[in-house]
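Numbered from 1 within each chain, the chains take letters A, B, ... in sequence-line order.
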Amino acid sequence: MNMHVSNLAFSFQDEDLKKLFADYGTVSAAKIITDKFTNKSRGFGFVEMADEKAAQTAMSEVNGKMIDGRSVKVTEARPREENRSNGFNKRW
DNA sequence: GTTGAGCGTT
């Protein structure tokens, strides 16, 4: 299950996010979204877990957890199947 | 060296 984790500290890293979710279950992939120019953390990332029940448990546990003085918000990630690089709507 | 709503590359 792909999950979107926001409200993270700027000093957060992908491995930190991975360890955070790995404590509740098996983490398939965890990455922090960084800026393309400054290459700095944007304060949010994505976590993918193979086990759905573990993902839901981790989501329920990590969501609202106090980290670095901020409540981490965990929500289900939106599908990025659509072509964002197209620039035109193929719908019409 | 800064800031604070959000949805990203292999």
Side-chain angles (χ1 to χ4, degrees):
Chain A
M1 177 184 291
N2 295 56
M3 294 175 291
H4 167 257
V5 187
S6 56
N7 207 9
L8 294 174
F10 298 98
S11 56
F12 233 71
Q13 298 173 105
D14 48 0
E15 46 186 344
D16 296 326
L17 189 65
K18 181 179 180 181
K19 292 190 302 180
L20 182 65
F21 277 77
D23 187 60
Y24 297 96
T26 306
V27 179
S28 295
K31 185 192 299 181
I32 295 293
I33 305 304
T34 51
D35 189 75
K36 295 180 294 186
F37 302 96
T38 61
N39 213 21
K40 304 298 180 180
S41 177
R42 288 189 178 180
F44 74 96
F46 287 90
V47 178
E48 183 180 7
M49 300 185 70
D51 201 351
E52 296 184 4
K53 56 177 175 62
Q56 292 177 356
T57 304
M59 180 191 301
S60 182
E61 290 295 326
V62 181
N63 188 20
K65 173 176 284 296
M66 268 298 180
I67 297 183
D68 196 74
R70 295 184 181 88
S71 303
V72 181
K73 290 179 287 190
V74 182
T75 53
E76 184 177 359
R78 298 177 182 166
R80 40 176 189 84
E81 304 296 330
E82 302 182 11
N83 297 341
R84 292 177 173 266
S85 307
N86 218 343
F88 282 99
N89 289 347
K90 299 178 62 178
R91 195 163 304 184
W92 181 252

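Heavy atoms only, all atoms of each residue included: S71(A) and M66(A) are closest at OG-CE, 3.6 Å.
Among residues two or more places apart in sequence or in another chain, the side chain to side chain donor-acceptor pair (under 3.5 Å) test is passed with D68(A) by R70(A). Applying the side chain to side chain donor-acceptor pair (under 3.5 Å) test to E76(A) and every residue at least two apart in sequence or in another chain returns nothing.
Ranked by how close their nearest DNA chain B nucleotide is to the 5' end, R70(A) and T75(A) are led by R70(A).
Rounded to whole angstrom, the span from the CG atom of N2(A) across to the C1' atom of dG6(B) amounts to 17 Å. Distance, L17(A) CG to dC7(B) P: 17 Å, rounded to whole Å. The distance from atom CG of D14(A) to atom P of dG8(B) is 18 Å, rounded to the nearest whole Å. Atom-to-atom, CG of N7(A) to C1' of dA5(B) comes out at 9 Å; the value is rounded to the nearest Å. Atom NE2 in H4(A) sits about 9 Å away from atom C1' in dA5(B), given to the nearest Å. The distance from atom CE of M1(A) to atom P of dG8(B) is 19 Å, rounded to the nearest whole Å.
For S6(A) against dC7(B), no side-chain N or O and base N or O form a donor-acceptor pair under 3.5 Å.
Cluster partners of F46(A), using a side-chain heavy-atom cutoff of under 4.5 Å among ILVMFWY residues and allowing indirect links, are I33(A), F44(A).
Side chains of Q56(A) and M1(A) form a contact here, defined as non-hydrogen atoms less than 4.5 Å apart.
Considering only the side chain of F10(A), dG4(B) comes nearest among dG4(B), dC7(B), dG8(B).
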Let me have the donor-acceptor pairs involving side chains of residues 18-32 of chain A, under 3.5 Å, with sequence neighbours excluded, atom names and distances please.
from: S28(A); atom 1: OG; to: A50(A); atom 2: N; distance (Å): 3.1

Taking only distance into account, with no hydrogens and no angle test, what donor-acceptor pairs under 3.5 Å do side-chain atoms of residues 58-65 of chain A form with protein atoms, sequence neighbours excluded?
from: N63(A); atom 1: OD1; to: V74(A); atom 2: N; distance (Å): 3.1

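Contacts between residues 40-60 of chain A and DNA chain B, defined by a heavy-atom separation under 4.0 Å, are made by R42(A), G43(A), F44(A), F46(A).
Counting any heavy atom pair closer than 4.0 Å across all strands shown, L8(A) reaches a base atom. As judged by a 4.0 angstrom heavy-atom cut-off over every strand, K31(A) is placed among the base-contacting residues.
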